[in-house]
Amino acid sequence: MNIATHIQKLRESLPSRVRVVAVSKFHPVDQIREAYDAGQRLFGESRVQELVTKQQELPADIEWHFIGNLQRNKVKQIAPFVTLIHSLDSERLMREIEKQGAVNERVIRCLLQIHIAEEETKSGFTPEECRRFLKEGSWRDCSHLQIAGMMGMATYTEDREQVRREFRQLRNLFEESKVKYFADDPAFRELSMGMSGDYSIALEEGSTLIRLGTLIFGER
Ligand SMILES: *Cc1c(COP(=O)(O)O)cnc(C)c1O
């Protein structure tokens, strides 16, 4: 199957609350254009330089999401155009995004990245750190950064029950935080969870954004 067919099939099978982030990292511009021509407008990249280069070469109505580990000194390169940063995981990064949002006179939407997997390597707030961060409240001072929800990656494992437990844990933290801090804030609504290997479980657990690379573009 080609890229357009994959996109078509996904569109037909997904509930309307769910949007697909086509993860185009390491894939060339002409493949992204193929997806674009099939109607896809939402793309995700995990490296700043690659994202900036592609953004310059591709149509302006693409919504670019940043999904990778984000270094503070690189925020300014994506701040003018990025639609959603999925990987806000520290107060220092928050302050830099706020600063660059102000420079660009825009509000940058971000998701709190939560560490739900067993693996040590994956970044993000632990649920406890996230609760502390929200309680401490410095995010309320930000007028150029908007917390729009949460993102997490499950453990890479064959154990589907474990994956489900981890997604459920993220969903519960999301709901708990919504009630406690964002009850009056309709912008806090995104739950970014699920990749090519586990998105069907994530959908069952309440995902609103699924990040699919391999399933759309093939192996990297
Ligand atoms: C690469 C990546 C994806 C997509 O992974 P696939 O397994 O190819 O769908 C999703 N989320 C993040 C954060 C990634 O880095």
Side-chain angles (χ1 to χ4, degrees), residues 1-7 9-11 13-14 18-29 31-32 34-35 38 40 42-55 62-71 74-75 78 82-90 93 97 109-126 130 148-160 162-164 166-167 169-171 174 190-220:
M1 273 200 287
N2 62 20
I3 292 170
T5 316
H6 287 299
I7 287 170
K9 275 190 167 305
L10 273 166
R11 199 173 292 142
S13 69
L14 293 175
V18 180
R19 295 199 304 154
V20 174
V21 182
V23 177
S24 48
K25 62 185 185 196
F26 309 135
H27 292 290
V29 160
Q31 289 190 8
I32 302 178
E34 208 176 316
Q40 181 69 26
L42 176 46
F43 292 89
E45 289 281 337
S46 61
R47 292 180 179 193
V48 167
Q49 194 48 58
E50 189 177 347
L51 171 53
V52 169
T53 306
K54 287 174 172 172
Q55 192 266 340
I62 289 180
E63 259 189 58
W64 291 104
H65 289 199
F66 190 81
I67 61 171
N69 188 39
L70 183 54
Q71 287 170 271
K74 294 189 175 168
V75 173
I78 61 171
V82 71
T83 305
L84 184 65
I85 294 173
H86 289 229
S87 45
L88 173 56
D89 65 355
S90 74
L93 179 59
I97 296 171
R109 296 170 69 231
C110 296
L111 305 181
L112 299 172
Q113 183 175 349
I114 312 299
H115 183 114
I116 49 171
E118 265 177 9
E119 291 134 16
E120 290 288 335
T121 51
K122 289 180 177 156
S123 40
F125 289 107
T126 65
C130 175
M150 292 181 177
M151 179 272 230
M153 274 182 277
T155 304
Y156 188 74
T157 171
E158 294 290 308
D159 183 348
R160 301 182 68 80
Q162 179 179 351
V163 170
R164 187 179 297 283
E166 291 172 356
F167 284 149
Q169 184 191 4
L170 179 58
R171 165 74 186 267
F174 171 86
E190 303 288 7
L191 192 49
S192 168
M193 57 185 197
M195 307 174 29
S196 294
D198 58 19
Y199 78 96
S200 55
I201 304 174
L203 288 177
E204 287 166 6
E205 297 304 327
S207 181
T208 67
L209 286 170
I210 51 177
R211 309 177 310 272
L212 305 178
T214 312
L215 195 76
I216 294 172
F217 295 105
E219 295 290 336
R220 287 180 289 275

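For reference, positions follow the sequence shown, starting with 1. When a ligand or atom number is given, it counts from 1 through the structure's own listing order. These values consider heavy atoms only, across backbone and side chains, with no hydrogens, waters or symmetry-generated copies. Given the structure is predicted, the values throughout are model-derived calculations rather than measurements.
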Please enumerate all residues that pass side chain to side chain donor-acceptor pair (under 3.5 Å) together with Arg171, with sequence neighbours excluded. Glu175
Set of side chain to side chain donor-acceptor pair (under 3.5 Å) partners for Arg19, sequence neighbours left out: Glu63
Going by salt bridge (charged side-chain N to carboxylate O under 4.0 Å, His left out), name the pairs with one or both residues in residues 194-204, residues two or more places apart or in two chains. Arg164-Glu204
Under 3.5 Å, is there a donor-acceptor pair between the Thr208 and Glu190 side chains? yes
Could you go through ligand 1 and list every pair where one of its N or O atoms sits under 3.5 Å from a protein N or O, giving the atom names and the distance to one decimal?
from: ligand 1; atom 1: 8 (O); to: Thr214; atom 2: N; distance (Å): 2.8
from: ligand 1; atom 1: 8 (O); to: Thr214; atom 2: OG1; distance (Å): 2.6
from: ligand 1; atom 1: 8 (O); to: Arg220; atom 2: NH1; distance (Å): 2.8
from: ligand 1; atom 1: 8 (O); to: Arg220; atom 2: NH2; distance (Å): 3.3
from: ligand 1; atom 1: 9 (O); to: Ser196; atom 2: N; distance (Å): 3.0
from: ligand 1; atom 1: 9 (O); to: Ser196; atom 2: OG; distance (Å): 2.5
from: ligand 1; atom 1: 9 (O); to: Gly213; atom 2: N; distance (Å): 2.8
from: ligand 1; atom 1: 11 (N); to: Arg211; atom 2: NE; distance (Å): 2.8
from: ligand 1; atom 1: 15 (O); to: Lys25; atom 2: NZ; distance (Å): 2.7

Less than 3.5 Å apart, any donor N or O on the side chain of Ser24 or Glu45 sitting next to an acceptor on the other? yes
Ignoring hydrogens and angles, state whether a donor on the side chain of Thr155 or Glu166 is under 3.5 Å from an acceptor on the partner side chain. yes
